[in-house]
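Before any comments, here is the structure.
Hydrogens, waters and symmetry mates are skipped; everything else that's a heavy atom, side chains included, is used. Throughout, numbering of the chain's residues begins at 1 and tracks the sequence.
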Amino acid sequence: INHVEISWLISVSILLLINDLKKTDPVGKKIFTLIITLWLFVFIHLFAVRTGIITLYLFLLVYFIILLWKNKKQRKFILLLPVLLSVILFVSYKLSDTLKDKLNYTMYDLSQFRINKTESQFYSDSRRMYSIKIGLQLIKENPWFGCGIGNIEDKCNSIYKVNYPHVQTENYYRPHSLYIYVICCFGIFFGTVVLLCYLYPLIYFIQNKNYLFFNVYLSLVIISVWDVILGTLFGECIFLLLTGWGIKMSLHENLTPQQQ
């Protein structure tokens with residue numbers, strides 16, 4: 001279990017709680033739900049994991065765009081949402097020393113990677129960039145059939161040893177992007193088939209007008225650009241839980257009252 005998965009799960013929880021506020025529940029329950037939602041909103045900024053914060057604001061943007069779009073009289077306010085969310089994020093940044101430190105850390109980290117300093121291997125963003133560069137090289141070397149999922153670790157290690165001898169073995173990473181990882185393992189053709197299967201639930205949810213879980217799954221599709229959330233047991237369990245939950249909800253909503 002790592003901080004990326006936890007922060008993503010917190011952002012999902014905030015979205016589900018906000019959606020729950022629309023229900024006609026007793027006032028006491030609504031107040032309790034609102035308090036928990038606000039606390040998690042503050043906490044995720046204090047936690048200061050970029051993936052969680054990015055997905056949270058993505059959730060809010062998509063959620064309220066869909067909400068306004070459903071109401072023809074309120075569609076004109078859609079263009080105000082990006083501005084409003086940007087202001088909220090800016091205020092959060094100004095009020096949070098943790099967020100400021102995180103941004104400064106990221107900028108410093110990337111600067112160390114660009115000048116290829118030996119110390120860059122000790123920063124998370126640099127390690128991620130090293131792994132992505134190695135993944136792209138593996139794709140060039142094995143474009144059609146890939147290197148195989150069982151060989152990718154050895155292949156990555158050999159590239160580290162040749163191209164980045166200053167990187168210590170404990171800092172060796174496999175490609176830190178689901179898309180690059182899949183193409184490395186299975187090649188362009190079969191890797192594309194695997195990724196299309198991965199993208200299918202996104203199409204399924206939008207076809208069934210399940211906008212809530214479309215929003216959740218969209219975040220997975222986006223953060224997979226720089227993370228491999230399906231690479232851990234925790235991430236895979238959460239992925240299966242949410243996907244199954246979303247499909248069940250879609251099927252239930254498409255049933256007639258007699259079938260329900």
Side-chain angles (χ1 to χ4, degrees), residues 1-9 11-12 15 49-52 54-55 58-59 62 124-125 127-160 163-164 171-251:
I1 299 175
N2 64 47
H3 59 282
V4 172
E5 293 160 354
I6 292 173
S7 67
W8 172 72
L9 193 56
S11 65
V12 171
L15 176 66
V49 177
R50 289 157 301 178
T51 299
I54 290 171
T55 52
L58 173 69
F59 283 154
V62 175
S124 60
D125 289 313
R127 289 197 295 268
R128 182 179 281 109
M129 295 302 295
Y130 278 125
S131 72
I132 289 175
K133 286 184 69 174
I134 286 171
L136 293 174
Q137 183 171 336
L138 273 177
I139 292 173
K140 289 180 180 179
E141 294 176 358
N142 309 273
W144 302 114
F145 298 104
C147 64
I149 197 167
N151 297 326
I152 188 168
E153 187 169 359
D154 291 337
K155 293 288 185 179
C156 288
N157 292 349
S158 63
I159 294 175
Y160 270 112
N163 294 356
Y164 308 103
N171 294 320
Y172 287 4
Y173 273 30
R174 285 170 290 179
H176 218 282
S177 165
L178 178 65
Y179 304 108
I180 293 175
Y181 186 89
V182 168
I183 299 297
C184 282
C185 291
F186 303 109
I188 293 174
F189 177 74
F190 292 110
T192 301
V193 173
V194 172
L195 292 176
L196 287 174
C197 293
Y198 178 63
L199 294 174
Y200 175 72
L202 193 69
I203 301 169
Y204 175 85
F205 289 138
I206 199 68
Q207 284 179 334
N208 287 273
K209 298 182 179 180
N210 187 343
Y211 301 117
L212 178 63
F213 279 86
F214 165 79
N215 199 353
V216 173
Y217 203 86
L218 178 64
S219 72
L220 275 178
V221 170
I222 292 175
I223 66 177
S224 293
V225 173
W226 68 86
D227 209 280
V228 189
I229 200 166
L230 299 183
T232 67
L233 180 60
F234 180 77
E236 289 169 1
C237 288
I238 295 300
F239 162 76
L240 291 172
L241 173 64
L242 287 174
T243 305
W245 185 6
I247 291 172
K248 183 178 179 181
M249 180 182 289
S250 298
L251 292 174

Is there a donor-acceptor pair closer than 3.5 Å between any side-chain N or O of Asn142 and the backbone N or O of Leu138?
yes
Answer with yes or no whether the side chains of Ser11 and Thr55 bring together a donor and an acceptor at under 3.5 Å.
yes
Between Trp144 and Phe189, is the ring centre distance below 6.0 Å?
no
So, Asn215 side chain and Phe59 main chain: donor-acceptor pair closer than 3.5 Å or not?
yes
Smallest separation among heavy atoms of Tyr179 and Val225, with atom names
CE1-N, 3.6 Å
Rounded to the nearest 0.5 angstrom, the CG-CG distance for Leu199 and Leu220 is 11.0 Å
Side chains of Asn163 and Ile134: closer than 4.5 Å at any heavy-atom pair?
no
Distance, nearest 0.5 Å, that separates CG of Leu196 from CD1 of Ile203
8.0 Å
State, with a plain yes or no, whether a side-chain heavy atom of Trp226 is found less than 4.5 Å away from one of Ile223.
yes
For the student: nearest non-hydrogen atoms of Arg174 and Cys156, plus distance:
CA-SG, 4.2 Å
Side-chain touch Asn210/Tyr204, heavy atoms, less than 4.5 angstrom:
no
Measuring from atom CD1 of Ile149 to atom CD1 of Ile152, what distance do you get when rounded to the nearest 0.5 angstrom?
7.5 Å
Between atom OH of Tyr181 and atom OG of Ser131, what is the distance when rounded to the nearest 0.5 Å?
11.5 Å
Rounded to the nearest 0.5 Å, the CE atom of Met249 sits from the CG atom of Leu242 at a distance of 10.5 Å
Would you check if the distance from the ring center of Tyr130 to the ring center of Tyr164 is below 6.0 Å?
yes
What one should report as the nearest heavy-atom pair of Thr243 and Phe205 is O-CZ, 3.9 Å
Non-hydrogen atoms of Asn157 and Tyr172 that approach each other most closely:
OD1-CD2, 3.2 Å
Side-chain heavy-atom pair Trp8, Ile238 within 4.5 angstrom cut-off:
yes
Nearest-0.5 Å distance, CZ of residue Phe214 to CD1 of residue Ile206
4.5 Å
Taking atom types as modelled and ignoring hydrogens, do the side chains of Ser224 and Tyr198 form a donor-acceptor contact shorter than 3.5 angstrom?
yes
Distance-minimising heavy-atom pair for Pro175 and Ile180
CB-CG2, 4.0 Å
